[in-house]
2 protein chains.
Amino acid sequence: MTAAPTLEDVARAAGVSRATVSRVINGIRNVDPAIQETVRRAIADTGYVPNRAARSLVTRRTGAIALVVSGAGEEDEANPFHSQVFADPFFGRVASGVVGFLRPRGIHPILMFAETDEARTQVISFLRQGYADGAVLVSTQSRDPLPRQLVEAALPSVLFARPGEAIPISYVDVAHRTGAKLAADHLVARGCRRVATIAGPLDVLAAQDRLAGFRDAMAAHGHPYIPCVEGQFTYASGETAMERLLSEQPGLDGVFVANDLMAQGALLVLRHHGRRVPEDVAVVGFDDSSAATASRPMLTTIRHPVEDMAAEMARLLLEHVDEPGKPMTSVIFEPSLVVRESA
Amino acid sequence: MTAAPTLEDVARAAGVSRATVSRVINGIRNVDPAIQETVRRAIADTGYVPNRAARSLVTRRTGAIALVVSGAGEEDEANPFHSQVFADPFFGRVASGVVGFLRPRGIHPILMFAETDEARTQVISFLRQGYADGAVLVSTQSRDPLPRQLVEAALPSVLFARPGEAIPISYVDVAHRTGAKLAADHLVARGCRRVATIAGPLDVLAAQDRLAGFRDAMAAHGHPYIPCVEGQFTYASGETAMERLLSEQPGLDGVFVANDLMAQGALLVLRHHGRRVPEDVAVVGFDDSSAATASRPMLTTIRHPVEDMAAEMARLLLEHVDEPGKPMTSVIFEPSLVVRESA
DNA sequence: GCATGGCGGGAGAGCGCTCTCCACAAACCG
DNA sequence: CGGTTTGTGGAGAGCGCTCTCCCGCCATGC
């Protein structure tokens, strides 16, 4: 392989100027069809590939975006943040949705983790250096300072989930309360009378909303008090929470669990205690993640259109990159109930 | 935010030439400490951030690498390849290891999926355009044509796992046969007499090696025939395989399962059939993935240092990028047995 | 007939950086 | 003390592309 051909080489081969070749490649302005054809052939002959650095030097666009997963957790040498993140099928779905939208447009996300202050600083300077035009951000914590930092640096960005503080930034989210209501209605319709819930970490807005939505809906059904144990959205915390719930409320016959991973853990504990699901205890999860179909019995859950939301997040970001003055928007998706075996 | 400051601006502020500022930033050649200090202050004052496009235009380096997940599977609209990929904790560990190595060096991987021919072409042209200096590649299939394509395009790349065909490319791998032998020895030492195995998809070299290694070791222990059912490395296929094994070999007392995800499925089926694990049937998995500790009983498994391997893969790639003439190398890691509850 | 305008192509000026070359001064040698 | 070496800063030529300007051509209008 010799030195890569440049625009100049193609122009020479086609017998036209550099500018004309550029026009053909970028489809800008009219170019005589015959010349267009000649140029295309020259491109194919020389095996020309545009140089991205040169292009983005002048256009001030990189054609890349960052997919940032942020939290405020501590990094642990033995079990770094990013390995935990991937253990949650939720992030896989987000990545999948983002890639699904971006790939047909020839753009690929740069994966970044931002769990420490240092890492967050790195994210900002990375974007400022022009490694990417903007960022889609998934936060695991409502206290995450990164959204604010992004806004302050005037970097185009879109969040997955409403920001913890009121800052002018676009985001996508799901109607958590509606989802929780769906779960409540289903449990009540099945005839559950002694219902409890396992919530997510209550410093996460989504967890707060799911809990509040569930309690409101149950109250409307005449159940003003719903026992609750807080989990951490992890498998193991679901087990622990279920153990506790069972010891405190041995007579329960229905549980709403704020995500599928915890529900999976809860299921195991219920079986371990000899409770049949759904006959003795009905369980409703949240997310409709891969854990929902992997657990036995399969989970009845609230479908959270994560991939669609992630795709929309990418779409919004591209819009912001294209028109910097565009006003911030939020897009809220409606969840739905998926009935399987557990309730 | 006004126009971003350039090297020129910093030079003016510091009262030196552009070249000197560049030298300070890149730490190349000696620069008078006093001037160095002045320059640093000027950088801080102006809030200067080097422009990556301009830099890589002249250095012909992007300082980015691609993390490619490739297979030869068909893309399915409803359940795209990349969402399945993330369902396997294995890929999360690879990503984690790669990020762990790269991040301290200020570089972040670009995430790409290459499951169709079209997508593979896109990967190649993406790299040729200079979006990244090289690629680390995780293939799900030994027939994957991408490694060859990368070699032909002379793009620096490193594989996770030995390539299916003999091509000159660097890779990291684990000694699958040794791992399988560890499992065999453990089962035999526990007193298992009627042992079977659930293999991975046999078009994957790793699956072939694990099966061959297990059979060889069992043969050495005096068990020349080991029943085997092929799975797909997925949870569901582990269930199916275990059902089949149980119907064909009702008397079995030990199973070696080629990965943890399938082992998790197998565990569930065994319990469903009333077999106690490990009392009635001992189960050994492979990978020591998050599934190993998430299953109940927790899996005894072969530890596969995936994060270390992924980090090494990134290290090798950076070496190849730095010295293009560097000969290809392979690094083989040794697995180890992790005894938990299932055997 | 000549002025007018639209259209398609070329020339060339940068984008912000690195790096080679050169100038100059100080240090060193015989 | 001249000549060489060494060490440090500046000048300036690009890297490969886009995009503005300009120019020539032909069709059109009066």
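Note that this is a predicted model, so its numbers are computed, not measured.
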If each end axis of the helix from C/dG1-D/dC30 to C/dG30-D/dC1 is fitted on five C1' pair positions, the angle between them, to 10 degrees, is 50°

Partners passing salt bridge (charged side-chain N to carboxylate O under 4.0 Å, His left out) against A/Arg23 (at least two apart in sequence or in another chain): none

Closest heavy-atom contact between A/Ser17 and A/Ala11? C-CB, 3.7 Å

Would A/Asp322 and A/Arg61 pass as an ion pair if we require N to O under 4.0 Å? yes

Looking at A/Phe160 versus A/Phe91, is the centre-to-centre ring distance below 6.0 Å? no

Between A/Val39, A/Asp9, A/Ile43, A/Val21, which is the residue that forms a side-chain contact (heavy atoms from CB on, under 4.5 Å) with A/Tyr48? A/Ile43

Please tabulate the protein-to-nucleotide N/O contacts below 3.5 Å involving nucleotides 24-27 of chain C, giving atom names and distances.
none

Name the one of B/Val68, B/Leu137, B/Leu67 that satisfies side-chain contact (heavy atoms from CB on, under 4.5 Å) with B/Met112? B/Val68

Can you check salt bridge (Lys or Arg N to Asp or Glu O under 4.0 Å) on A/Glu37 and A/Arg40, steps first, answer last? CA-CA 5 Å; A/Glu37 188 44 39; A/Arg40 284 193 203 295; 5.1 Å; no

At a cut-off of 3.5 Å, list every protein nitrogen or oxygen paired with a nitrogen or oxygen from nucleotides 14-20 of chain C, distance to 0.1 Å.
residue, atom, partner, partner atom, Å
C/dC15, O3', A/Arg60, NH2, 2.7
C/dG16, OP1, A/Arg60, NH2, 2.3
C/dG16, N2, B/Ala54, O, 3.4
C/dC17, OP1, B/Tyr48, OH, 2.3
C/dC17, OP1, B/Asn51, N, 3.1
C/dC17, OP2, B/Leu7, N, 2.4
C/dC17, N4, B/Arg18, NH2, 3.4
C/dT18, OP1, B/Asn26, ND2, 3.1
C/dT18, OP1, B/Arg55, NE, 2.8
C/dT18, OP1, B/Arg55, NH2, 3.2
C/dT18, OP2, B/Ser22, OG, 2.9
C/dT18, O4, B/Arg18, NH2, 3.1

Residues at least two apart in sequence or cross-chain that pass side chain to side chain contact (heavy atoms under 4.5 Å, CB included) with A/Ala311, listed by chain then number, are A/Phe101

Is any side-chain N or O of B/Thr20 closer than 4.0 Å to OP1 or OP2 of D/dT8? no

Test side chain to side chain contact (heavy atoms under 4.5 Å, CB included) applied to B/Ser56 - qualifying residues, sequence neighbours left out: A/Ala53, B/Arg52, B/Thr59

Look at B/Glu152 together with B/Arg120 and state whether they make a salt bridge at an N to O cut-off of under 4.0 Å. no

